[in-house]
Amino acid sequence: MAHKTLPGSTDRRIDALLALLADNAMIVISGAKIAREIGVTRLTVWRWIEKLRALGVRVKGHPRTGYQIEEVPDILAPTLLHRRLHPGPLGKRIYHFFKIDSTNSVAMSLGEHGEPHGTVIIAEEQTSGRGRAGHTWHSEKTNGIYMTVLLRPPIAPQQAPLITLAAGLAVREAILEQIGLTPDLRWPNDLLFGRKKFCGILTEMNAEQDRIHFVAVGIGINVNHDRIPEELSKIATSLRIETKRVQSRVEIVARLLRHLDSYYNRFVSDGPGAIVARFSEVSSYAQGKRVRVETSSETYTGTTEGLEPGGLLRVRRDDGRVLPVIAGTLSEAD
Ligand code: BTN
């Protein structure tokens, strides 16, 4: 597996430490043995164990007794993730950060430097997580999935919205498989339980007139938040709140990349039809939904009337005009 590092990304020896602990779950391993195996001092082992504990990894013991992990760590570190991934380009190369401003920003810059299709950038925490329409994305430590997938689709820029629909569908399948509850999709790419959002997708593109260089598909999922900040609590939820159980982020990422790879391949080989049909089938927003649409220049209400072949959503406005929404934020109108 490719293990490259970037400034600020997780030291691959921490990655090795996590893998070593996970592989020896029932065994006490001495600090000296760990130090020898990963090539650092015992003091560094102790400091890193403390760092992992602060992220919720349950490790018993101290330098004199040795260390023992109490459960498989749910840290999105490359070695642990690679073990769960299916072979294929998505996630072949993973950059992991304990803390970064925004995984989308990293992806955009890696894309400009020739990073290959399928590279994944993932963080335990974001300090400036970005959302659509200039919003920020609440990215608290270790509870969520903050991930960007770099794709180089051989399609025209006009078709880029379909990639984001495909990503939403992939998240939906992954969550349904993982927790057994069916999320709704709000065009273009929010995932909801009832009226509350738990996942948002921000796709950014680098393209010429007729050719996409790359897209950065940024996915934020509220997984193990046990409460939502007051100001968001009416509109947001998490998987833990919905299921009353802590969920494995590693499993969700593995499932998500598998489904994304499969939707992506179908799209590139067969065209947009299957994505549009599937989205129309599973999203309550595709047809007959009363919505309020906010764009940078106006706000209006109307009723949705299906997706266009290119993935745009048609809305019959209350004044009778039927127009596609090009860039707008939707909410359910009462
Ligand atoms: C939205 O619903 O407004 C989109 C939210 C997208 C958030 C994700 S988290 C990972 C990636 N990095 C970012 O800065 N944003 C996206």
Side-chain angles (χ1 to χ4, degrees), residues 6 8-10 76 81 90-91 94-111 115 119-151 160-161 163-172 174-175 183-193 195-206 214-225 228-229 231-232 234-239 249 252-253 256-257 260 283 285 291 293-296 313 325 327-332:
L6 277 182
S9 69
T10 300
L76 301 168
L81 261 177
L90 301 200
I94 298 174
Y95 293 99
H96 176 266
F97 295 83
F98 281 108
K99 197 192 254 193
I100 192 72
D101 50 358
S102 153
T103 54
N104 264 36
S105 304
V106 176
M108 291 305 282
S109 131
L110 283 173
E115 193 66 26
T119 292
V120 167
I121 299 97
I122 202 153
E124 301 297 322
E125 182 181 2
Q126 294 185 122
T127 50
S128 310
R130 292 192 271 125
R132 296 176 64 231
H135 292 132
T136 55
W137 184 257
H138 171 71
S139 311
E140 71 185 44
K141 193 160 76 180
T142 322
N143 281 334
I145 293 170
Y146 316 113
M147 169 170 98
T148 303
V149 187
L150 184 88
L151 300 174
I163 296 280
T164 69
L165 297 188
L169 286 167
V171 175
R172 177 185 175 278
I175 298 304
D184 195 5
L185 274 162
R186 179 169 61 198
W187 187 93
N189 41 31
D190 292 337
L191 283 102
L192 317 168
F193 283 113
R195 288 187 171 202
K196 292 189 174 179
K197 172 167 166 175
F198 69 91
C199 170
I201 301 175
L202 173 68
T203 302
E204 296 180 281
M205 173 165 78
N206 180 316
F214 61 88
V215 290
V217 184
I219 302 172
I221 308 180
N222 298 342
V223 181
N224 287 325
H225 306 57
I228 299 293
E231 66 279 13
L232 295 174
K234 286 207 170 59
I235 55 164
T237 187
S238 75
L239 301 182
R249 295 181 308 149
I252 294 171
V253 169
L256 169 49
L257 290 176
L260 184 57
S283 164
Y285 279 77
V291 289
V293 183
E294 273 176 56
T295 72
S296 52
L313 179 67
V325 182
T329 305
L330 251 69
S331 55
E332 198 168 340

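For ligands, and for the atoms within them, numbers begin at 1 and follow the listed sequence. Heavy-atom basis, side chains included; hydrogens, waters and symmetry copies ignored.
Under a 4.0 Å criterion applied to the non-hydrogen atoms of I201, ligand 1 contributes the atoms 2 (O), 4 (C). The G129 neighbourhood of ligand 1 comprises atoms 14 (O), with distances under 4.0 Å to a heavy atom of that residue. Distances below 4.0 Å separate heavy atoms of T103 from the following atoms of ligand 1: 10 (C), 11 (C), 12 (N). Residue contact check: W137 has heavy atoms under 4.0 Å from atoms 2 (O), 5 (C), 7 (C), 9 (S) of ligand 1. Residue-ligand proximity, M147 to ligand 1, at heavy-atom distances under 4.0 Å covers atoms 10 (C). Close approach to G131 involves these atoms of ligand 1, each under 4.0 Å from a residue heavy atom: 1 (C), 3 (O), 4 (C), 5 (C).
Closest to atom 15 (N) of ligand 1, if we only count protein heavy atoms, is R130 O, 2.7 Å. At the shortest separation from atom 8 (C) of ligand 1 among protein heavy atoms lies G220 N, 3.6 Å. Of all protein heavy atoms, the one closest to atom 2 (O) of ligand 1 is K197 NZ, 2.6 Å. If you check which protein heavy atom lies closest to atom 9 (S) of ligand 1, you get Q126 NE2, 3.4 Å. Protein heavy atom at the shortest distance from atom 3 (O) of ligand 1 is R132 N, 2.7 Å.
Side-chain contact between I252 and L239: present, with at least one pair of heavy atoms (C-beta onward) separated by less than 4.5 Å. With contacts defined as side-chain heavy-atom distances shorter than 4.5 Å, the pair E124/H96 qualifies. Counting only heavy atoms from C-beta outward, the side chains of L256 and I221 approach each other to under 4.5 Å. For the pair W137/N222, a side-chain contact is recorded, criterion being any heavy-atom separation below 4.5 Å from C-beta on. By the 4.5 Å heavy-atom criterion applied to side chains, I122 and I94 are counted as neighbours. Looking only at side-chain heavy atoms (C-beta outward), L110 and L6 come within less than 4.5 Å of each other.
Side-chain atoms of N104 come within 3.5 Å of backbone atoms of L202 as a donor-acceptor pair (strictly under, hydrogens ignored). In this structure a side-chain-to-backbone donor-acceptor pair under 3.5 Å is present from Q126 to T103. Between the side chain of R249 and the main chain of T142, a donor-acceptor pair closer than 3.5 Å is present.
For D190, every heavy-atom contact with ligand 1 shorter than 4.0 Å involves the side chain, none the backbone. With a 4.0 Å cut-off on non-hydrogen atoms, T148 touches ligand 1 through its side chain and not its backbone. With a 4.0 Å heavy-atom cut-off, ligand 1 is reached by no atom of H135.
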